[in-house]
Amino acid sequence: MSYNHRQIEANWQKYWADNQTFKAENISTKPKYYVLDMFPYPSGAGLHVGHPLGYIASDIYARYKRHKGFNVLHPQGYDSFGLPAEQYAIQTGQHPAKTTHENIKTYRRQLDQIGFSFDWSREVRTSSPDYYKWTQWIFIQLFESYYCNDVQKAKSIVDLIDIFVNKGNVDVHVSSDENIDIFSAGEWNNFSEKEQQVILAKYRLTYLSETEVNWCPQLGTVLANDEIVNGVSERGGYPVVRKKMKQWSMRITAYAQRLLDGLNTIDWPQPLKDSQTNWIGRSEGAMVEFKVLSPALSKGKGVRDAGYLTGNPEIAHLLLEKAREMRSNPTQAEAFLWKQLKSKKLGIKIRQQHLIEEFIVDFVCLSKKLIIEVDGAIHDSQVEKDTERTKLLENKGYKVIRFQNEEVIGNIDKVVSEIENELKNRKEFKVLPSGKPALPSGRDLGWEIEVFTTRPDTIFGVSFMTLAPEHELVSQIVTNEQKDAVKNYIEATAKRSERDRMADVKTISGVFTGAYALHPFSGKQIPIWIGDYVLAGYGTGAVMAVPCGDQRDYDFAKHFNIEIPNIFQDIDISEQACEDKSAIIANSDFISGMTAKKAIKRIIFELEQKGIGEGKINYRIRDAVFSRQRYWGEPFPVYYKNGMPQMIDVEHLPIKLPEVEKYLPTEDGKPPLGNATNWAWDMDKAEVVSNQLIDNETIFPLELNTMPGWAGSSWYFNRYMDAGNTDEFASKEALNYWQDVDLYIGGSEHATGHLLYSRFWQKFLFDKGLVPVDEYAKKLINQGMITGRSAFVNRLIINVTDKVELGKTINLKTLYQIRFENNVYISSDILTIPLKRRRIRKLIEFLVKKDEKEYLNEDQYSLNYNNIEPVRVPTSIVNTSDEIDIEEFKKWQIEFKDAISIPEEEAFKVSREVEKMSKSKYNVVNPDDICEKYGADTLRLYEMFLGPLEQAKPWNMAGISGVSSFLKKLWKLYFNNEDLIVVDEKGTKEELKTLHKTIKKVDEDIANFSFNTSVSSFMIAVNELTAQKCHKREILEPLAVLISPYAPHIAEELWNKLGHNESISTAEYPIFNPDFLIESTKTYPISFNGKMRFTMDLSLNLSKEEIESAVLDHEKTKSQLNGQTPKKVIVVPGKIVNIVG
RNA sequence: GCUCGGAUGGUGGAAUUGGUAGACACGUUGGACUUAAAAUCCAAUGGACAGUAAUGUCCGUGCGGGUUCAAGUCCCGCUCCGAGUACCA
């Protein structure tokens, strides 16, 4: 019988399925081995040839390990929540569950036909409630935990509450939000339940926070940064606004250091580790506080500003805000009275809630220095204080009159006339006009700007500070003179999207605030600028600028003509900043003469002594936003009581996705779950009920967001260990048996997404004692992407210009351009040959004239055929020699029906371009077709043969015939037409050598994941055995096992026909015996001055000297030397002989 | 800009600690078989030059240097390509 891949492959795939050949047991005497693939998102397009690359590699490895006697876990599943299914649902109204289910069916069929040895009994789907029940469960565990920095692990929030109850939060070292108020145990115990929950949220590992997102009102959705182009949505071009939304976040920052440290313990590709390291972005440095000064005046002493600014400037900033707040929340009496006083109703300007020195008074008429206070009940107890206050104000020349609330409300006329009286009786005071410097010079205003720097050693080089435009202090420190400039700048910056701002790094922009800071060591006054090169989101949003030591500061200083003091010894900074840490520091007081390393230590010490700074490690990584405004994702097990999130008890999980009418956001901007009518939690019944029943007593609204794509993929590898468990996410026994993934294969595009988040979750689960290891994948390999080779035909753009003849315009455009423009195509090999261009011209002219000869002569028109436009065509109608099937091309789309090709008869070549495989590029190659035509074994071998696993490579069908014929040759070693020709003879020495060198090579290749070279080795072996006419069982039986991981179907068939009744999958792997490779002679390359001239077979038993004399005796050596004596002879036994002349 | 990869025939790619550059395959050319095609098999195939030929010489792993008896491999300096990242203080 001849090799019939269709029949063989179908048979064995059925056999494997029927016999559950690859089912892994959780109890085994064999050692365990866990081989994992990144599970696919089941898209509607199905698999293309790029997808299986990694699966084939891992499958080879898994099968190899089975031969080697391991209990192998090799599972597969689907990351089946995601955007495409939802978008499809929006367009068609089809439920995403339905399309997902259908897509999974296609995927399964495609995967099965490639012959993977997956244990399908452990399949997981992230969108299945049985699975996401445990995703929700893990979410709850995160919510109930906080991160303790003392022991560097997550602990139960109950422990933290315990600490608060007994000690408050004064002395806790935990990861939390910044700016948490300190409270004592007593204060904690007095907080209301709600206040306590608000505080706890700042410590939980998952928490709700106001996060700024890119909101697109027209699309009704939040967009990722890369979905925005030039400030408008990429899709549709709608405006995008920054909007704060309450979203769940994951406190991954707590794990920043451990995520870094863990990288040292795992065997992952260096580039991937690098990108995680970068992403986490640890930098060591210091926090430094700079005190803000008032504006320094150029001359003289400070002058009081405009008369209405009567507040004490040192505390004005504190009071102003309070005053503003009081103005907007007046008491009833205040509001009542203000109605009568405002807008000069009494004929004179009266101000409300105004600053007078360190007080805020209710009302004041500055020009009469009359203060009107309206007191409520609480002031009764403050009589003493009020008297004192009145006294102080009266000393400043003010008169204070007081009314009770009741008086104002009960008898407003009387109050107003009393005020009028007072005003009449007081003399006029002059109020100075505004515009003069507001504050006294050089005084500490009580603000501090905190900066983070990695180079505290350059602190003496600080010549200005820069705040991000969004920095909260900007509005407070800016001087009147600079107010407009600053305001304009902030507005201009806000208009630019974050992306634009980041993309444009060349334009230097900024503006002076007018304010100054105090240098903590030199005491110098440092101007404070704002500039958008400082990012609000990193560090403190403020930098101490050291132009001599940082290029960006340098550029900024140059641009705005700010001083650039040099603090480096013997270094020229006239052209650029010096960022070299080995430079000796100068002009820097007590650190002069030191290098960075030493100086940094010293400065940090000094900062800490002075209490104005400290050594600090800063991380770039941000907490991860965990909410999505989508339908097709895991619902949160959360309902809201009085606005506070509550976890649903774990025994009621899963909370299943509700049905909705529409998958779009609601009209009022709520996420798609806002469309659900049954989406409320009934505490008593412990079930999801109709929204109409919400009473906020026992029935509450449920969370409307869903979880992001990475939720389900962050722990699936643990689920495979015990996929069917309904009581736990995986049993202790299973987790302890399988421990971790021994080999993980997948794409590098997940470096800072899935592969980081999953490590974070694993560490959390480890802290909670739920999993036995804190890194889940010992070894990871990134398979390279298989790209497509898009095909293009070259469309000639022919411009026909009208000519006027005898006053009559011949409308040639209508005649010819429409007809020929866009429809003449030229073979790409002609394009590159200048000579042929003339031919094209003739051809075009011919085409134009052919039909319309009678109307045309040459000077009636002009032709321009120089423009060529590439037109995508499907790769399926192009052969491996880049020739397109013209007939198929004409049939492909209606617009090409009348296409004219140049040349018309000969082969027509397309241009090729390597691109990502995608439906829209018509370059997708489907594995189904290859399996049908060549078979799965050929596909598997060919994908491996294409090149190194980790390297990106374009898909090219050209080489597949070589692999296909290899399998046929292999078959022929065992069969001659119908007959098995394997004989039970002993192999010859040569045959055994062929076998054993192949065993050795393939063993090494698999260890190095060098699958492409082992395919070569198989080819060599089969070529040699064919030449040796070897049909011996002693050779061919081990060979079948050797090939079985790569081409399992044919191996099974051969094994079976050799008389075995069991599957080959656990057959013992042949053992390499070095005895068969021992050689008595070696073919030595004899080289002269390093150039190989000839070879010589010499016994390996010869000594160096014997080799040397044998070589020198050789006549070719003599002719090479031409009678001269060699200077030196290098002999490396077993390797080479080199004669130096 | 920074970080990390990479550059080898017409093509995909091989090449142990530095030790015969181009394995294996595709393609191309020639041949066999065939009425023919397909399939299969055989031979040649880095370039240049010399020779009837066997064969020989020279040049060849992006470029320029270096180390070495010997460099695709190690070192220094560049060029180009790809990927990631984007003002991280």
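By convention in this document, chain letters (A, B, ...) are assigned in the order of the sequence lines, proteins followed by strands, and residues within each chain are numbered from 1.
For A:V543, the listed nucleotide lying nearest its side chain is B:rA89; candidates were B:rA89, B:rA39, B:rU57. Ranking B:rC26, B:rA86, B:rG13 by closeness to the A:A958 side chain, first place goes to B:rC26. Looking at the side chain of A:R1093, the nearest of the listed nucleotides B:rA89, B:rG27, B:rU57 is B:rU57. Distances were taken from every side-chain heavy atom of A:P271 (C-beta onward) to each of B:rA89, B:rC26, B:rC4; the shortest belongs to B:rC4. Nearest to the side chain of A:L535, among B:rG13, B:rC41, B:rA89, sits B:rA89. Closest to the side chain of A:R620, from the set B:rC87, B:rU85, B:rC26, is B:rU85. Each of B:rA89, B:rC41, B:rU3 was ranked by its minimum atom distance to the side chain of A:D274; first place goes to B:rU3.
Comparing the P positions of B:rU3 and B:rG77 gives a spacing of 13 Å, expressed to the nearest Å. Comparing the P positions of B:rC75 and B:rC4 gives a spacing of 14 Å, expressed to the nearest Å. Taking the P atoms as reference points, B:rU40 lies 13 Å from B:rA25, given to the whole Å. Taking atom P in both B:rA44 and B:rA83, one finds a spacing of 41 Å when rounded to whole Å. Comparing the P positions of B:rU79 and B:rC63 gives a spacing of 15 Å, expressed to the nearest Å. Across the P atoms, B:rU57 and B:rG6 are found 36 Å apart, a figure rounded to whole Å. Comparing the same atom, C1', in B:rU67 and in B:rA14 gives a spacing of 27 Å after rounding to whole Å. Look at the C1' atom in both B:rU45 and B:rA23: the space between them is 15 Å, to the nearest Å.
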- line: Reading nucleotides 19-24 of chain B from 5' to 3' and marking B where a protein heavy atom lies under 4.0 Å of the base, S where only the sugar-phosphate is that close, and - otherwise, the string is BB--BB
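Between A:F556 and A:F464, the angle of the ring planes stays under 30°, which puts this pair in the parallel group of the 30/60° scheme.
Taking a pair as Watson-Crick or G-U with both hydrogen-bonding distances under 3.5 Å, the stems of three or more pairs touching RNA chain B are B:1-7 with B:79-85, B:10-12 with B:24-26, B:27-32 with B:40-45, B:46-50 with B:55-59, B:62-66 with B:74-78.
Although no hydrogens or angles enter the test, the distance criterion places a donor-acceptor pair under 3.5 Å between the side chain of A:D1005 and the main chain of A:S1014. Side-chain N or O atoms of A:H5 include none that pairs as donor or acceptor with a backbone N or O of A:S964 at under 3.5 Å. A:Q276 places a side-chain N or O within donor-acceptor distance of the main-chain N or O of A:A751, the cut-off being under 3.5 Å. Looking at A:R620, its side chain never comes within 3.5 Å of a backbone N or O of A:Y538 through a donor-acceptor pair. Formation of a donor-acceptor pair under 3.5 Å by the A:E563 side chain with backbone atoms of A:S463 is not found in this model. At distances below 3.5 Å, not a single donor-acceptor pair connects side-chain atoms of A:E943 with backbone N or O atoms of A:I56. Panel note: side chain A:N1089, backbone A:V1140; no donor-acceptor pair is recorded below 3.5 Å.
Put simply, CZ on A:F290 is 12 Å from C1' on B:rA89, counting in whole angstrom units. Atoms CE (A:M944) and P (B:rG13) sit 14 Å apart, rounded to a whole Å. Atom NZ in A:K1116 sits roughly 10 Å away from atom C1' in B:rA54 (whole-Å rounding). Atom-to-atom, CZ of A:R455 to C1' of B:rC88 comes out at 15 Å; the value is rounded to the nearest Å. Going from atom CG of A:N1008 over to atom C1' of B:rA15 covers 14 Å, rounded to whole Å. The interatomic distance linking A:R552 (CZ) with B:rC2 (P) rounds to 13 Å, in whole Å. Between A:M287 atom CE and B:rA89 atom P the separation is 13 Å, expressed in whole Å. Atom pair A:E450:CD and B:rA89:C1' shows a separation of 14 Å (rounding to whole Å applied).
A donor-acceptor pair shorter than 3.5 Å cannot be found between the side chains of A:N1008 and A:E1004. Neither side chain, A:D1097 nor A:Y1084, offers a donor N or O lying under 3.5 Å from an acceptor on the other.
Heavy-atom distances to RNA chain B give each of A:G947 and A:I960 a nearest nucleotide, and the one nearer the 5′ end belongs to A:G947. Of the residues near RNA chain B, A:K972 and A:G959, the one whose nearest nucleotide (by heavy atom distance) lies more toward the 5' end is A:G959.
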Acceptor/donor pairs from residues 1019-1027 of chain A side chains to any protein atom, 3.5 angstrom cut, sequence neighbours excluded:
unit_1, atom_1, unit_2, atom_2, d
A:N1023, OD1, A:K969, NZ, 3.3
A:N1023, ND2, A:M1019, O, 3.3
A:E1024, OE1, A:T994, OG1, 2.8
A:E1024, OE1, A:K997, NZ, 3.3
A:E1024, OE2, A:K997, NZ, 2.8
A:T1026, OG1, A:V1022, O, 2.6

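Nucleic acid contact for A:K969: sugar-phosphate only, since backbone atoms but no base atoms lie under 4.0 Å from a heavy atom of the residue. At the heavy-atom level, A:P954 lies nowhere under 4.0 Å from the strands shown.
Annotated as syn: B:rG9, whose O4'-C1'-N torsion sits within 90° of 0.
Close to B:rG13, at under 4.0 Å from its OP1 or OP2, lies a side-chain N or O of A:Q951. For B:rG12, the OP1/OP2 oxygens have no side-chain nitrogen or oxygen of A:K953 closer than 4.0 Å.
With ring centers used as reference points, A:Y942 lies under 6.0 Å from A:W955.
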